[in-house]
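What you see is a predicted model, and the numbers here were worked out from it, not measured in a lab. Order of the sequence lines sets the chain letters (A, B, ...), proteins ahead of strands, with each chain counted from 1.
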Protein chains: 2
Amino acid sequence: MKLQVLTIHENQKVQKLIIRGIRDLINYKNLEPGDKLPSERMLSEKFNVSRSNVREAIQKLEFYGLLKSKPQSGTFVANIGVTAMNGMIEDILRLDEPDFKSLVETRILLELKTARLAALRRTEEDLKSMEEALQAYNKKVMNGEDAVQEDLLFHLAIAKASGNSTMNTFMLIIIPGIITNFQKHHVCDAGLAQRGIRDHQAIFDAIQDKNPQLAKQKMKEHFKELYNYCYNLE
Amino acid sequence: MKLQVLTIHENQKVQKLIIRGIRDLINYKNLEPGDKLPSERMLSEKFNVSRSNVREAIQKLEFYGLLKSKPQSGTFVANIGVTAMNGMIEDILRLDEPDFKSLVETRILLELKTARLAALRRTEEDLKSMEEALQAYNKKVMNGEDAVQEDLLFHLAIAKASGNSTMNTFMLIIIPGIITNFQKHHVCDAGLAQRGIRDHQAIFDAIQDKNPQLAKQKMKEHFKELYNYCYNLE
DNA sequence: ATTTTAGGATTGGTAAACCAAATTTTAAGT
DNA sequence: ACTTAAAATTTGGTTTACCAATCCTAAAAT
């Protein structure tokens, strides 16, 4: 049936078409939370696409918590109403790749909080992980090597110590975009790394001392240059 | 080869096995950013699993920005170093379903910021969307109906108006979990809804007046009860 | 020696066939 | 009539086969 491989762009278009189709179906058939969607085979026939495409689209909506597939049984509308469903799908369709500024803005917001929470909740094990990450970073910087990765792993250790799994996940999602953009824009040049050692130590100490205010403050200072840099980007 | 359908739990185990395998492979073969992974067929043979399983695992690592598949070419190690790769995979394997407290904590953090940003950046179109969501919520509450969905769509409209696509995405990820937990714990009972109308109006007004401080303040007040509720959960 | 080109091998993507669990329908038993 | 059991159908998941784009090799042309 399909005679040529689709580009990524074309594939996205097909997926959006299917997602819109599913949304319309839910509206047209007045499907309530818990109701069953037509089978993947029927959907693929109805939308005139392959079953693989349908499965991909369903997986995406499953990721955003809107559908739930049960093996050998069917795909079901999640336990959030039709209104929320429509609003969310509209937004999901509109989503595009995040820009660097948006990533950094969100990162700073998250990390001021994780630093504070880590100071409140860190265990001895958390401290150990953070210290290891700290040492790895210092060692690289001392040798004059690039240490972007070790830098971010230290920050990730703080996120883990915050005891908030959602923020930890969000940091994981953000980090790759941060790293690649850092390399692209050459953010971490010059003496920034040397200063990073002192900054990190101050943050670590505050968390170790269980001083949330100070931890947040030190993290804020650490981000000061980055903040200014990113707000002057374009 | 495979003779029975795997439970979700078993499937997760297989996926983690493959992810660990890929990590070990990258380390053992000293694969650098940009290098090509063995083909899906070879991986499935090496790990003694189906190619579908391999593809799922690769998709997951692609979501977290660690790999990148190119059609008819291969799967490549993303442009972040081995160190970050190892650290992140370790954390990804450890991730579990977020708890309600973690969701609410993150939501409040995000929304205090989106309210502030929306007051700074909202367009006339944003205002219109927010007002529509506001009206839908009010109408439901006036009729004594449950309005959890309309409530969250208003908050989502604010996130959209913040002009930060990352925070917008994160709100979308959080919302379904919030809704289901709200229903489970009966958070939105009683006169909370009536108060919600006034709260929302105050937030909207502040954003319309481009008053970021006030917008954040009103959002904070709006969350006060929710905040206390969730911190006393267990 | 270098570049070009052609053919075969490799690759991720896709379509189709197949599986067993779950569901529905049907029929048998009481 | 109602309950129970069994057979047929439907379903998402899985495996297999296939496709065209890409990559690799090496021979041919300059």
For this session: Mind running a 4.0 Å heavy-atom check of residues 19-34 of chain B against DNA chain C and sending the residues that fall below it, in number order?
Result: none
For this session: With the side chain of Asn53(B) defined as its heavy atoms from C-beta on, choose the nearest nucleotide among dT15(D), dA15(C), dC19(D).
Result: dT15(D)
Exercise. Nearest to the side chain of Gln72(B), which nucleotide is it out of dT14(D), dT22(D), dT11(D)?
Worked result: dT22(D)
For this session: Give a yes/no answer on whether the side chain of Thr75(B) brings an N or O atom under 4.0 Å of OP1 or OP2 in dG12(C).
Result: yes
Exercise. How many Å lie between CZ on Phe76(A) and C1' on dT10(D), as a whole number?
Worked result: 12 Å
Exercise. For Leu156(B) and Asp91(A), what are the C-alpha separation, side-chain angles and deciding distance, and is it a side-chain contact (heavy atoms from CB on, under 4.5 Å)?
Worked result: CA-CA 9 Å; Leu156(B) 195 57; Asp91(A) 281 19; 3.4 Å; yes
For this session: Whole angstrom is fine here: how far is it from CG in Leu43(B) over to P in dG13(C)?
Result: 13 Å
For this session: List for me each residue that meets ring-ring contact (aromatic ring centres under 6.0 Å, His included) alongside Phe63(B), sequence neighbours excluded, and say none if there are none.
Result: Phe63(A)
Exercise. Of Arg51(B) and Ser73(A), whose closest DNA chain D nucleotide lies nearer the 5' terminus?
Worked result: Ser73(A)
Problem set entry | With Phe47(A) via ring-ring contact (aromatic ring centres under 6.0 Å, His included) - residues at least two apart | none
For this session: For His200(B) and Asp151(B), test the side chains for any donor-to-acceptor distance below 3.5 angstrom and give the result as yes or no.
Result: yes
For this session: Using whole Å, report how far CG of Asp35(A) lies from P of dT11(D).
Result: 15 Å
For this session: Starting from P on dG13(C), measure out to CD on Gln59(B) and report it in whole angstrom.
Result: 8 Å
Problem set entry | Ring centre gap for Tyr137(B) and Phe154(B) strictly below 6.0 Å | no
For this session: Mind calculating the distance between CD (Glu56(B)) and P (dG12(C)) to the nearest angstrom?
Result: 16 Å
Problem set entry | Nearest-Å distance for atom pair CZ/C1', residues Arg55(B) and dT14(D) | 13 Å
Problem set entry | Spacing of Asn48(B) atom CG relative to dT14(D) atom P, expressed in whole Å | 15 Å
Exercise. Does a distance-only test, which skips hydrogens and angles, find a donor-acceptor pair under 3.5 Å between the side chain of Arg41(A) and the base of dG12(D)?
Worked result: yes
Seminar exercise, completed: Side-chain atoms of Ser50(A) come closest, of dG13(C), dA15(C), dT11(D), to dA15(C)
Problem set entry | Phe223(B): partners by ring-ring contact (aromatic ring centres under 6.0 Å, His included), with sequence neighbours left out | His155(B)
Problem set entry | Thr180(B) versus Asn79(A), side-chain donor and acceptor atoms under 3.5 Å | no
Seminar exercise, completed: Winner on side-chain proximity to Lys36(B), out of dG13(D), dT11(C), dT14(C), is dT11(C)
Exercise. Looking for any heavy atom pair under 4.0 Å, which part of the strands does Ser52(B) touch: base, sugar-phosphate only, or nothing?
Worked result: base
Problem set entry | Contacts of Glu90(A) that satisfy side chain to side chain contact (heavy atoms under 4.5 Å, CB included) - sequence neighbours left out | Arg23(A), Arg94(A)
Exercise. Side chains of Asp126(B) and Thr123(B): do they bring a donor and an acceptor to under 3.5 Å?
Worked result: yes
Exercise. In whole angstrom, what separates Glu40(B)'s CD from dT14(C)'s C1'?
Worked result: 12 Å
Exercise. Taking both distances under 3.5 Å as the test for a Watson-Crick or G-U pair, what stems of at least three pairs does DNA chain C have?
Worked result: C:1-30 with D:1-30
For this session: Go through the side-chain N and O atoms of Asn53(A) and Ser50(A) and say whether any donor and acceptor fall under 3.5 Å apart.
Result: yes
